[in-house]
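Worksheet: the structure to be examined is printed underneath.
Order of the sequence lines fixes the chain letters, A, B, ..., with proteins taken first and strands second; residue numbering starts at 1 for each chain.
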2 protein chains.
Amino acid sequence: MTATQPSHGRILRPTAKVLPEHARGHNRSLVLQTLYRQGPQSRADVSRETGLTRVTISDLVAGLMQDGFVIELGQREAARPGKPATMIDIDRAAFQIIGVDLSDQHMRAALLDLDGTVLERENADRAGRTGDDALAAVVGLIEGLVLRATAPLLGIGVGSPGIVDADGTVLTAPNLAWTLLPLQAMLRERFDIPVLVANDADVAVLAEHSFGRASGDVMLVKVGAGVGAGLILGGRPFYGSHSAAGEIGHVVIGTDGGPACACGKIGCLEAWLSVPRLTEQLAATTGTEAEQAAARELILREAGRRLGIILAPVVGALNLSEIVLSGPTELLDGPLATATIETLRKRTMAEFTGDLALRMTSLAQDDIVLRGAAVMVLSGQLGVS
Amino acid sequence: MTATQPSHGRILRPTAKVLPEHARGHNRSLVLQTLYRQGPQSRADVSRETGLTRVTISDLVAGLMQDGFVIELGQREAARPGKPATMIDIDRAAFQIIGVDLSDQHMRAALLDLDGTVLERENADRAGRTGDDALAAVVGLIEGLVLRATAPLLGIGVGSPGIVDADGTVLTAPNLAWTLLPLQAMLRERFDIPVLVANDADVAVLAEHSFGRASGDVMLVKVGAGVGAGLILGGRPFYGSHSAAGEIGHVVIGTDGGPACACGKIGCLEAWLSVPRLTEQLAATTGTEAEQAAARELILREAGRRLGIILAPVVGALNLSEIVLSGPTELLDGPLATATIETLRKRTMAEFTGDLALRMTSLAQDDIVLRGAAVMVLSGQLGVS
DNA sequence: TTTGTTAGTAAAGCTTACGAACAAACAATG
DNA sequence: CATTGTTTGTTCGTAAGCTTTACTAACAAA
């Protein structure tokens, strides 16, 4: 009588037909994912891990070896009863990825291997360039890395500030003076390999989720020239109906006014928390050394409190268990973070958020977007993340 | 070279093996879904709609007819060239569903058909009953409806207040004095048909999404004895990592204090907005008729403003385009809703939320949880919603 | 040497969906 | 009225994908 028992979650919402070949693609990614996360192992190990039979795994692995994604490493060394296992692994040197970080005045690009390790770097100061000039600079960065690549390129991942839609079109990026710029399509056209463009905070949270201590639901708050957030909900990136999820920089905090914001409103998050604003405030402290230190702590604590106030409803609504801060450690990791988590605890239900954790990103600050861009390519091309 | 192109979204995250039979189940649900949403049509119509071939559709439909879910209605009446089409449809009278709403002092249950139409009702006042007494009352309600069912029951859906986990265990429901009550398992044991239990607001948003004007991302704010919310993100219900998503009732609003809440904090959403609190405040107005009316409007406007303040960060973070209010129309639909949307617009980026809509539920207030419970059963058993 | 275990492969079978072809039934057209 | 073209739904054969069963190879332990 019962027709279908959805396996994940309570609700299955079919939208498109599913063919056996789609199942094949899924299982193929499943094998890659298993190897990617757990490293070298035998076909039989993969079989046990995935639940697919050894026969099917052998078949899938044969295809993956043919395509150059998987290699045999020789026999397992440890002596065990039975036939010795042939170890296999993703060929982590077979492909390389180019990651680009445009979130800052200092544009960064890097060549990475499949593990997300940075192999080569190519940087450039934006030096005020915008529009087509900025675009040309991006292309130049990538060109430099394409020449230095020592393996076929799996693709290019780009983390851009501003709002980026699902097709990789930058809808609006004020800092770069980009509007409706189809960056993904243009780079794809120019370099003729797969390209994925997304918002920088969305890209950063991918890196945190893949390389950092992962969890099902994460919100990463990226503090820089502006303030944005990236969300992973239920293990999947969440972009929102108009690709603008995480755009909390211009939400007003509290009911007691605050600093004026460039957007015209009073008391936006960015007006409290952006790096320029914070450094400016910190620099303006006067008095003795001790007085200045105290004043600085107050400033940071207040900024942290403001962040907590704005995050509290989000934490409550999403039942978040993990919030990650990304940005200058000297500003964020200290009184600011402490005040944020204190405020969050005070303003939400302790029963639900008792295990709420707020922490700095576990990745190198300068590389988080680069590595996230690599994850984006890995996910898009191999189904691995 | 490229292994897999995920069809939905940018990231595919394989977690479990997928067999051809799972594809079959998905396609089976797809056929049911197509019939459910678009009504009677021919096999060829379903084929065109789904992209599956006529052969496959015929095969799937044969199975669905065998299981009693689909019936043939005879030939299409409209004269068209070609062989006349045999119309098919979900047999909307073949099964019935029991929906239960425990969110209120007045416990409601109903027998519904597959369209979500209420056929029979069974109500009971909780009359202060809690714990096992309340549970017995629930069982009694359902028993009454089981006897009056005129078709096989597809399942029982229950919307309960409090936190309900993915297995339908009520982790905590203060009003009912339930803690760690495995309601779903117990009812399943008692009635031996599929049972699904979820939080009342989560259930309500399902109804709104299926029967109301649907959209990809919806947040439904349910105002009653408490205040809770249900979320549908990317077309799928979102429950959060600890099943407590939407629990915004005890998040503190603003930075200027507010009324004391039963939870011990100051200025919780519930302290501003719950029905008991609002009615109490409204009743306390004094003076002439005109003065009272003005005072009441002020009270409602302020409550609406508070709701807007707490929703603004959520709207920004999730890029929500639709917020639905559910609760007493005389309280919510007027100055309160107006103030909420005004506040939201003022506190978020107009560019992103320009199309933000706040509206009252389009469904009958008393039936929203009942019908949502039916949707939950439809989704769980047939993959339809 | 025997026994038991493990890895990987081969063959056969089942499920699922597809394409090609066809008959039935009808409208439109000359 | 016969012909032509269209649409529907089915039958038949095929391809893809996974499973079960059975097998060989290779090893450890007794």
Side-chain angles (χ1 to χ4, degrees), chain A residues 3-4 7 14 16-31 34-35 40-66 70-89, chain B residues 3-4 7 14 16-31 34-35 40-67 70-89 383:
Chain A
T4 306
S7 48
K17 64 174 174 178
V18 171
L19 305 184
E21 69 199 75
H22 297 137
R24 179 74 164 186
H26 182 100
N27 289 337
R28 198 178 137 104
S29 290
L30 182 57
V31 170
T34 303
L35 290 173
Q41 55 198 298
S42 71
R43 292 171 174 84
D45 291 333
V46 177
S47 166
R48 278 183 290 264
E49 183 70 23
T50 60
L52 292 161
T53 61
R54 292 200 305 272
V55 178
T56 302
I57 295 300
S58 282
D59 196 33
L60 286 166
V61 166
L64 289 169
M65 288 177 62
Q66 191 126 37
V70 169
I71 48 171
E72 289 190 339
L73 300 176
Q75 295 196 341
R76 171 177 275 143
E77 294 183 3
R80 301 197 305 185
K83 176 178 170 179
T86 310
M87 304 299 279
I88 57 174
D89 191 14
Chain B
T4 306
S7 49
K17 63 174 173 179
V18 171
L19 305 184
E21 68 199 76
H22 298 136
R24 178 75 162 187
H26 182 100
N27 290 336
R28 199 178 135 105
S29 289
L30 183 57
V31 170
T34 304
L35 290 172
Q41 55 198 298
S42 71
R43 291 172 175 83
D45 291 332
V46 177
S47 165
R48 277 183 291 264
E49 182 69 24
T50 59
L52 294 160
T53 62
R54 292 202 302 272
V55 179
T56 303
I57 295 300
S58 283
D59 196 35
L60 287 167
V61 167
L64 290 169
M65 288 177 62
Q66 192 125 37
D67 293 347
V70 169
I71 47 170
E72 289 190 339
L73 301 176
Q75 295 196 341
R76 170 177 274 144
E77 294 182 4
R80 301 196 307 184
K83 175 178 172 179
T86 309
M87 304 298 278
I88 57 173
D89 191 15

**Nearest-neighbour nucleotide for the B:Leu52 side chain, D:dT11, D:dC18, C:dA17 considered** = C:dA17
**Request:** For A:Asn27, answer base if it contacts any base atom (sugar-phosphate contacts may also be present), sugar-phosphate if it contacts only those atoms, and nothing otherwise; contact means non-hydrogen atoms under 4.0 Å.
**Result:** sugar-phosphate
**Prompt:** Whole Å only: how far is the CZ atom of A:Arg48 from the P atom of C:dT6?
**Reply:** 8 Å
**Complete:** Testing D:dT8, D:dC18, C:dA7 for proximity to the side chain of A:Ala44, the answer is C:dA7
**Asked** Nearest of D:dG9, C:dT16, C:dT9 to any side-chain atom of B:Ser42?
**Response** D:dG9
**Request:** Look at the side-chain N and O atoms of B:Arg28 and state whether any lies under 4.0 Å from the OP1 or OP2 oxygen of C:dA17.
**Result:** no
**Request:** Return no unless some side-chain N or O of B:Thr86 is found under 4.0 Å from OP1 or OP2 of D:dT8.
**Result:** no
**Message:** Over all strands shown, is B:Arg54 touching base, sugar-phosphate only, or nothing at heavy-atom distances under 4.0 angstrom?
**Reply:** base
**Request:** Would you tell me if any nitrogen or oxygen in the side chain of B:Thr53 comes within less than 4.0 Å of OP1 or OP2 on C:dA17?
**Result:** no
**Request:** Round to a whole Å and report the spacing from CG of A:Leu60 to P of C:dT9.
**Result:** 13 Å
**Item:** Among C:dA17, C:dC26, C:dT9, the nucleotide that comes nearest once only the side chain of A:Ser58 is considered
**Value:** C:dT9
**Prompt:** Among C:dT9, D:dA26, D:dG9, which is the nearest nucleotide to the side chain of A:Arg43?
**Reply:** C:dT9
**Asked** Taking CD from B:Glu72 and C1' from D:dT10, how many angstroms apart are they, rounded to a whole number?
**Response** 13 Å
**Request:** Kindly point out which of C:dC26, D:dT19, D:dG9 is positioned nearest to the side chain of B:Pro84?
**Result:** C:dC26
**Fill in**
Checking C:dG19, D:dT10, C:dA7 against the side chain of A:Ala85 (C-beta onward), the nearest is C:dA7
**Item:** Listed nucleotide nearest any side-chain atom of B:Glu21, set C:dA7, C:dT16, D:dC18
**Value:** C:dT16
**Prompt:** Going by atom types alone, do A:Thr56 and A:Asp59 pair a side-chain donor with an acceptor below 3.5 Å?
**Reply:** no
**Asked** How long is the line joining NE2 of A:His22 and P of C:dA17, in whole Å?
**Response** 12 Å
